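Nothing here was measured: the structure is a model prediction, and the numbers come from that model. Along the sequence shown, the residues carry numbers beginning at 1. Hydrogens, waters and symmetry mates are skipped; everything else that's a heavy atom, side chains included, is used.
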Amino acid sequence: MIESDYRWRDGFPKIGIRPTIDGRRKGVRESLEEQTMNLAKAVAKLLSDSLRYPNGEPVECVIADTCIGGVAEAAAAAKKFKNSEVGLTITVTPCWCYGTETMDTDPSLPKAVWGFNGTGRPGAVYLAAVLSAHAQKGLPAFGIYGEDVQDEGDTVIPDDVQEKLLRFARSGLSAAYIRGKSYLSMGSVSMGIAGSIVNDAFFQEYLGMRNEYIDMSEFTRRLEEGIYDPEEYNTALKWVKENCTEGPDNNPEHLQSSRERKDLEWETVVKMTLITRDLMIGNPRLAELGFEEEAQGHHAIVSGFQGQRQWTDHSPNGDFLETILNSSFDWNGKRSPYIVSTENDSMNGVNMLFGYLLTNTAQIFADVRTYWSPAAVERVTGYKLEGRAEGGILHLINSGSATLDGTGEQERDGKPAMKPFWEITDEEIEKTLKATQWRPANVEYFRGGGFSTDYLTRGGMPVTMSRLNYVKGLGPVLQIAEGYSVDLPEHVHDTLDNRTDPTWPTTWFVPNITGQGAFTSVYEVMNNWGANHGVISYGHIGADLITLSSIIRIPVNMHNVPSEKMFRPRAWGLFGTEHAESADFRACQNFGPLYK
């Protein structure tokens, strides 16, 4: 079995803290040294106490050895950061400094500057000056300026400053961590879905990622030649038999598989799960078994499984492997989810990756299947939608797979939630498994059989639906819809669910309606959605997604995030302040992809 630390053997990016200072000696610099360095230490403590890496360990910060008063000290800090694998920087100062001499000029590092709001020394003046320099040099930086004036020498970080520091850090770490990783395309294009036409230029220029590819026949080879850990396979199969409840078979009797065939399919899908994980991250156990090349893996942080139809017309589908790998636990216990996109939809896979890194939680992959208006629901079921659902609902239902965390059987403060793996209890895992059935696949869709994941997401969870689209001539654009999962009466759910496929996992979703743009109604959200798929993340994380997208220069064409929560580089305001959405498009086009 793979040890938990094997997956994280490359480590994580660190946050570089740059205390900048007025370089004038003989009294000025000397009077500021302690306060400036204490601000840097306070920021480092805030970030390490508040943020965690995907393995659950606290985020690490690296502080420059000295305050930075000029270009020599700036260069020394840059060298230290490079040697320490720093992936983003935060500059802090309570005073005036020499802007172009002290600024971070590495074009590939996301950067922010906190200019202390105090009257004793002009930290705000430096902030304005250095942000102007960043804009002029084409190195967009986030500006952080507290609303309230603080006393000179104060090292307390105000709440509004904390919020921006944490938002930038979460987003900057996400951008930094994916750089140099791979997207593994397992198979090719699924049923003509454009998202599974993997755009290598997008991955390279916007994300700094590689693209890796295998043919579906690689699964056949590894299955037939036994290229997986047999000991782990036996453990996994035993766990599955004890914990995964097989649901009723909805296929016509003449199309139903025999018990012997179903048992063989269970064995196959468990092996496929091990194979997919090994393809993504490698497995040193394979080298011990004589498969040294296969043991290396593809250094993939995210992957996509084509499945339909070339694989699923002949072999068991990928629903089990996608569900288990995207979940926060398996037969080895609790662990961080792997990110596997259904139907090799790479654009949705990237969105899953964004949500995962911003929250450290599993992500629900779903079809944005149906808008049910209040009138249509009442006509079909006799029930009048009420509460959050009174304006209509969206049926999010993937064709057979979704993370088990999406059941909502985890809880926070007594309410359904999706949590980082280190917060999940054994009782919550048990409840999740009991809330899920594994239904024999609909053989009209999946001729090779397999088992689809069937559950209903609990209502009341704050969630964010997002989707990355690609437009010829424009490039990538992001859509965001914050809202809630909702409960329906059992007979209403059953009636609506049976009109699609009751063997698949369902989330009933209602976006927050603002009365503006695409959010004038639930219908308009559906009508403006850019593709057939979407990602559902726990929590209202739209503001973090907007910050992350601005770091990698992806504009947001649709969102319902309150304006006071949006945080982009200061230079975005130079492209217009009245219409932020339009300015975002112009700024992203002007500065171009982060790694181009």
When rounded to the nearest 0.5 Å, the distance separating CH2 of Trp572 from CZ of Arg586 is 12.5 Å

Tested for side-chain hydrogen bond (donor to acceptor under 3.5 Å, both in side chains) against Arg439, the lone hit among Thr503, Asp319, Asp454 is Asp454

Exercise. More than 12 foreign heavy atoms under 6.0 Å from CD of Glu293: is that the case here?
Worked result: no

*asked:* I'd like to know if Arg277 and Glu232 make a salt bridge, using a cut-off of under 4.0 Å between side-chain N and carboxylate O.
replied: yes

(message) When you compare the side chain of Ile275 with that of Ile227, does any pair of heavy atoms fall below 4.5 Å?
(response) no

Distance-only, no hydrogens or angles: does the Asp367 side chain make a donor-acceptor pair with backbone N or O of Arg369 under 3.5 Å? no

request  = Determine whether Phe585 and Asn557 make a side-chain contact, defined as any pair of heavy atoms from C-beta on separated by less than 4.5 Å.
outcome  = yes

Separation between CD1 (Ile324) and OG1 (Thr273), nearest 0.5 Å, reads 7.0 Å

* **Check against side chain to side chain contact (heavy atoms under 4.5 Å, CB included), Phe202 and Ser346** => CA-CA 11 Å; Phe202 162 70; Ser346 61; over 6 Å; no

**Heavy-atom side-chain proximity of Leu207 to Ile552 below 4.5 angstrom** = yes

salt_bridge(Glu428, Lys419) N-O dist < 4.0 Å: yes

request  = Inspect the surroundings of CD in Glu423 and state if more than 12 heavy atoms from other residues, nucleotides or ligands are less than 6.0 Å away.
outcome  = yes

Discussion item. Does Arg210 have more than 12 heavy atoms from other residues, nucleotides or ligands lying within 6.0 Å of its CZ?
Written reply: no

For Arg9 and Tyr6, indicate whether the former's side chain and the latter's backbone hold a donor-acceptor pair under 3.5 Å.
yes

| said: Donor-acceptor pair, distance only, cut-off 3.5 Å: does the side chain of Asn560 make one with the backbone of Asn512? | reply: yes

Check the pair Ser336 / Tyr356 against side-chain hydrogen bond (donor to acceptor under 3.5 Å, both in side chains), numbers first and verdict last. CA-CA 9 Å; Ser336 189; Tyr356 159 60; 2.6 Å; yes

Evaluate Asp405 against Thr432 for side chain to side chain contact (heavy atoms under 4.5 Å, CB included), listing each step before the verdict. CA-CA 7 Å; Asp405 300 54; Thr432 296; over 6 Å; no

message: Is it the case that atom OH in Tyr595 sees more than 12 heavy atoms from other parts of the structure closer than 6.0 Å?
response: yes

Below 4.5 Å, heavy atoms only, C-beta onward: do Leu594 and Ser108 meet side chain to side chain?
no

Can you tell if the side chain of Ile193 reaches within under 4.5 Å of the side chain of Gln308, non-hydrogen atoms only?
no

To the nearest 0.5 Å, atom OG1 of Thr370 lies from atom CE of Met526 at 6.0 Å

Residues Val463 and Ile536: closest non-hydrogen pair is CB-CG2, 3.7 Å

**Q.** Check: Lys334 side chain, Ile429 main-chain N or O, donor-acceptor pair, under 3.5 Å
**A.** no

Would you verify whether the NZ or CZ of Arg388 falls within 45 degrees of the ring axis of Tyr484 while also being under 6.0 Å from that six-membered ring's centre?
yes

What do you reckon, are the aromatic ring centroids of Phe421 and Phe329 less than 6.0 Å apart?
no

From the list Trp504, Phe451, Phe320, ring-ring contact (aromatic ring centres under 6.0 Å, His included) partner of Trp438 resolves to Phe320

Discussion item. Evaluate Lys271 against Phe219 for side chain to side chain contact (heavy atoms under 4.5 Å, CB included), listing each step before the verdict.
Written reply: CA-CA 9 Å; Lys271 292 174 184 176; Phe219 279 86; over 6 Å; no

Item to complete: Mind running side-chain hydrogen bond (donor to acceptor under 3.5 Å, both in side chains) on Asn344 and Tyr183 for me, showing each step along the way?
Response: CA-CA 10 Å; Asn344 198 28; Tyr183 177 90; 2.7 Å; yes

**Asked** Short question: side chain of Tyr53, backbone of Glu60 - any donor-acceptor pair under 3.5 Å?
**Response** yes

Are any of the side-chain heavy atoms of Val302 and Val350 separated by less than 4.5 Å? no

Exercise for the section: State yes or no: are the ring centers of Phe567 and Phe168 separated by less than 6.0 Å? Expected result: no

Interatomic distance, OG@Ser399 vs NE2@His533, rounded to 0.5 Å, equals 6.5 Å

Exercise. Can you list the steps and then say if Ser401 with Thr342 is a side-chain hydrogen bond (donor to acceptor under 3.5 Å, both in side chains)?
Worked result: CA-CA 8 Å; Ser401 75; Thr342 301; 3.3 Å; yes

Between Thr359 and Met418, is there a side-chain heavy-atom distance shorter than 4.5 Å? no

**Report entry** Donor-acceptor pair, side chain of His134 and main chain of Leu139, under 3.5 angstrom
**Finding:** yes

task = Measure from the side-chain N and O atoms of Ser550 to the backbone N and O of Thr547, and report whether any donor-acceptor pair falls under 3.5 Å.
result = yes

Here the gap from Gln306 atom CD to Glu343 atom CD, rounded to the nearest 0.5 Å, amounts to 10.0 Å

| message | Taking CZ in Arg221 as the centre, count heavy atoms belonging to other residues, nucleotides or ligands within less than 6.0 Å. Is the count above 12? | response | yes

Query - Non-hydrogen side-chain atoms of Trp529 and Met465 separated by less than 4.5 Å - result: yes

Glu482 and Pro562 have their tightest heavy-atom pair at OE1-CD, 4.4 Å

> Would you say Asn283's side chain and Ala295's backbone share a donor-acceptor pair under 3.5 angstrom?
Replying inline: no

Here the gap from Leu321 atom CG to Tyr338 atom OH, rounded to the nearest 0.5 Å, amounts to 13.0 Å

Exercise. Output yes when a side-chain donor or acceptor of Thr403 lies under 3.5 Å from a complementary backbone atom of Asn326, and no otherwise.
Key: yes

Quick one: does any side-chain atom of Glu212 pair with a main-chain N or O of Ser182 as donor and acceptor, under 3.5 Å? no

Note: Val510 and Gly392 closest approach over all heavy atoms is CG2-O, 3.6 Å

Legend entry - Cationic N near anionic O, under 4.0 Å, Asp345 to Arg467: yes

| Hey, mind stepping through Ile541 and Phe354 against side chain to side chain contact (heavy atoms under 4.5 Å, CB included) and telling me if it holds? | CA-CA 10 Å; Ile541 66 166; Phe354 288 170; over 6 Å; no

Criterion ring pair (Phe, Tyr, Trp, His ring centres under 6.0 Å) on Tyr523 and Tyr371, from CA distance to verdict:
CA-CA 6 Å; Tyr523 169 79; Tyr371 164 69; 5.6 Å; yes

